[in-house]
2 protein chains.
Amino acid sequence: MVFSVDDTWLLLDNQLCFALYATSRAVTKAYAPLLAPLGVTYPQYLVLLVLWEADGGTTPPGAPMTVGSLGGRLFLDSGTLTPLLKRLEAAKLVTRARSAEDERVVHVGLTAAGRKLRKKAEGIPAAMSCALGLNGDQIATLRDPLRKVLARLHQSSPAEEEVRD
Amino acid sequence: MVFSVDDTWLLLDNQLCFALYATSRAVTKAYAPLLAPLGVTYPQYLVLLVLWEADGGTTPPGAPMTVGSLGGRLFLDSGTLTPLLKRLEAAKLVTRARSAEDERVVHVGLTAAGRKLRKKAEGIPAAMSCALGLNGDQIATLRDPLRKVLARLHQSSPAEEEVRD
DNA sequence: CCTTATTAAATTGTGCCCAATAGAATTGCG
DNA sequence: CGCAATTCTATTGGGCACAATTTAATAAGG
């Protein structure tokens, strides 16, 4: 039995991209019950992860997070982040304020409630690891090649920054 | 230097789920220039893949595709598919028609233009393989564990079908 | 039969995502 | 300085994704 390359590669279940697309959606759905107690969506949770990190232990007042730096970490632009941050602000988890030095910039920070939410989130990674059926090694084994692909895609289509040759 | 487990696992760049989420979005974006000549989006392309398969060589008139069977393949429900199929219908690529035997069911089929589009799509998998920087083996090595995770997630949260014990 | 479940799609409402554009502030340069 | 590029955020508009509800048709049980 002979298949043409095209026939085989066009089959949905042979495609990596579809596996990626479907799994990503399924994972996001799997977060819903874990995030419900926190009252946030998965993209909102990602914003909080970045803010918790920036807020973190050593020398807390590093450069404050902005819409742009958040977008740099999450690969999202203001078109997505602005309304999302407004919802987090309405939920009283984050603050948004124009920078005094540069009025173009909007600083994003955690409220006390937002900081406090971190405690309730600490069990989530372990719960997801269990839901996915993967241990730490297996997670790394899957994560690292994905980050390689991601880096390559961002290289060929950089998120607006200068491309150095 | 000692990190608590929670600290390490909450770091964005350690998370598999974020790598999945970010890579999936980047991949969808990478499809845009490849799909632009066909005039469809990535989810619309996925629907066409399923229809092309069902339309395919051996014994063409297998059971006709329906909104439900399409959703079964793509893990999407009518809330997503109905408007998407209406757009594909408006683009004259697919047909939608109530089944005569069961008026609840909507048959989805390809128009001549939809069938013809397959030719223009045949180069896409190879182009993506190149854009991702992965050969066939590497694609399989990444795809198969993703499908395992996907299967597990669909098992714990089945898409509405009966759960057998 | 005839009523009650069940099923398939469609609809509604909320929240992403992203491209394109617009506004406003700042920077660079002549 | 003055003004043209640049930068940062917000806005607009289209297209997913999904939960929850609705509508219509069929199946099942008494």
Side-chain angles (χ1 to χ4, degrees), chain A residues 21-33 35-36 39-47 64-72 74-91 96-108 153 157 159-162, chain B residues 21-33 35-36 39-47 64-72 74-91 96-108 153 157 159-162:
Chain A
Y21 161 83
T23 307
S24 175
R25 283 191 296 120
V27 165
T28 298
K29 229 188 275 197
Y31 268 99
L35 294 176
V40 298
T41 65
Y42 181 61
Q44 290 168 9
Y45 168 69
L46 293 178
V47 166
M65 294 303 297
T66 68
V67 173
S69 56
L70 269 175
L74 301 175
F75 312 111
L76 294 170
D77 64 14
S78 70
T80 300
L81 283 175
T82 295
L84 189 156
L85 290 170
K86 283 182 178 174
R87 284 185 283 270
L88 282 178
E89 187 184 32
R96 288 183 335 124
R98 290 271 165 198
S99 163
E101 313 90 63
D102 186 340
E103 290 278 343
R104 292 171 302 181
V105 173
V106 169
H107 289 316
V108 180
L153 290 175
S157 157
E160 212 54 39
E161 329 183 28
E162 211 50 41
Chain B
Y21 162 83
T23 306
S24 175
R25 284 190 298 120
V27 165
T28 298
K29 229 188 276 196
Y31 268 100
L35 293 177
V40 298
T41 65
Y42 181 61
Q44 290 168 11
Y45 168 69
L46 293 178
V47 166
M65 294 303 297
T66 68
V67 172
S69 57
L70 227 31
L74 301 175
F75 312 112
L76 293 170
D77 63 14
S78 70
T80 300
L81 284 175
T82 295
L84 189 157
L85 290 170
K86 282 182 180 174
R87 285 185 283 271
L88 282 178
E89 187 184 33
R96 289 184 334 124
R98 289 272 166 199
S99 162
E101 313 91 63
D102 186 340
E103 292 278 343
R104 291 171 303 180
V105 172
V106 168
H107 290 316
V108 180
L153 290 175
S157 157
E160 213 52 42
E161 329 183 28
E162 210 51 41

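First the proteins, then the strands, lettered A, B, ... as listed; each starts at 1. We use all heavy atoms of the structure for the numbers below, so side chains are in, but hydrogens, waters and symmetry mates are not.
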Exercise. For A:Tyr31 and C:dG15, what is the distance between atoms OH and C1' respectively, to the nearest whole Å?
Worked result: 18 Å

Exercise. Tell me: CG of A:Leu76 to P of C:dA19, nearest whole Å?
Worked result: 11 Å

Exercise. Taking all non-hydrogen atoms of both residues, which atom of A:Leu84 and which atom of A:Val47 are closest, and how far apart?
Worked result: CD2-CG2, 3.8 Å

Problem set entry | Heavy-atom closest pair, residues A:Val40 and A:Leu35 | O-CB, 3.3 Å

Exercise. Can you name the nearest heavy-atom pair linking B:Leu74 to A:Arg25, along with the distance?
Worked result: O-NH2, 2.7 Å

Exercise. Looking only at heavy atoms, what is the nearest atom pair of A:Ser99 and A:Glu101, with distance?
Worked result: OG-N, 3.2 Å

Seminar exercise, completed: Sorted by chain and number, sequence neighbours left out, side chain to side chain contact (heavy atoms under 4.5 Å, CB included) with A:Arg104 holds for A:Asp102

Exercise. Can you check the B:Gln44 CD to D:dG14 P distance for me, whole Å?
Worked result: 14 Å

Problem set entry | Nearest heavy-atom neighbours spanning B:Tyr21 and A:Ser24 | CA-OG, 3.6 Å

For this session: For residues 74-85 of chain B, pull every pair meeting side chain to side chain donor-acceptor pair (under 3.5 Å), keeping only residues two or more places apart or in separate chains.
Result: none

Seminar exercise, completed: Here the distance between atom P of D:dT23 and atom CZ of B:Arg98, to the nearest Å, is 14 Å

Problem set entry | Residues touching DNA chain D, which here means a heavy atom under 4.0 Å, drawn from residues 77-87 of chain A | A:Ser78, A:Gly79, A:Thr82, A:Lys86

For this session: Whole angstrom is fine here: how far is it from CG in A:Leu35 over to P in D:dA19?
Result: 14 Å

For this session: Kindly determine whether B:Val108 and B:Val67 satisfy side chain to side chain contact (heavy atoms under 4.5 Å, CB included), including the steps that lead there.
Result: CA-CA 7 Å; B:Val108 180; B:Val67 172; 4.2 Å; yes

Problem set entry | Gap between atom OH of B:Tyr45 and atom OG1 of B:Thr28 - 0.5 Å precision | 12.0 Å

Exercise. Would you say C:dC17 has OP1 or OP2 under 4.0 Å from some side-chain N or O of B:Tyr21?
Worked result: yes

At a cut-off of 3.5 Å, list every protein nitrogen or oxygen paired with a nitrogen or oxygen from nucleotides 24-26 of chain D, distance to 0.1 Å.
residue : atom : partner  : partner atom : Å
D:dT26  : OP1  : B:Glu103 : N            : 3.2

Exercise. When the distance from OH of A:Tyr42 to P of D:dA19 is rounded to whole Å, what number comes out?
Worked result: 17 Å

Problem set entry | Along DNA chain D (nearest heavy atom to each residue), the more 5'-positioned of B:Pro43 and A:Arg96 | A:Arg96

For this session: Considering non-hydrogen atoms only, spot the tightest contact between B:Pro64 and B:His107 and give its length.
Result: CG-CE1, 3.4 Å

For this session: Would you jot down, in residue-number order, the residues of residues 22-30 of chain B having a non-hydrogen atom under 4.0 Å from DNA chain C?
Result: B:Arg25, B:Lys29

Exercise. Starting at CG of A:Leu74 and ending at P of C:dG15, how long is that distance when rounded to a whole Å?
Worked result: 19 Å

Exercise. Rounded to the nearest Å, what distance is computed from the CD atom of residue B:Glu89 to the C1' atom of nucleotide D:dG15?
Worked result: 17 Å

Problem set entry | Qualifying residues under side chain to side chain contact (heavy atoms under 4.5 Å, CB included), relative to B:Glu89, sequence neighbours excluded | B:Val94, B:Arg96

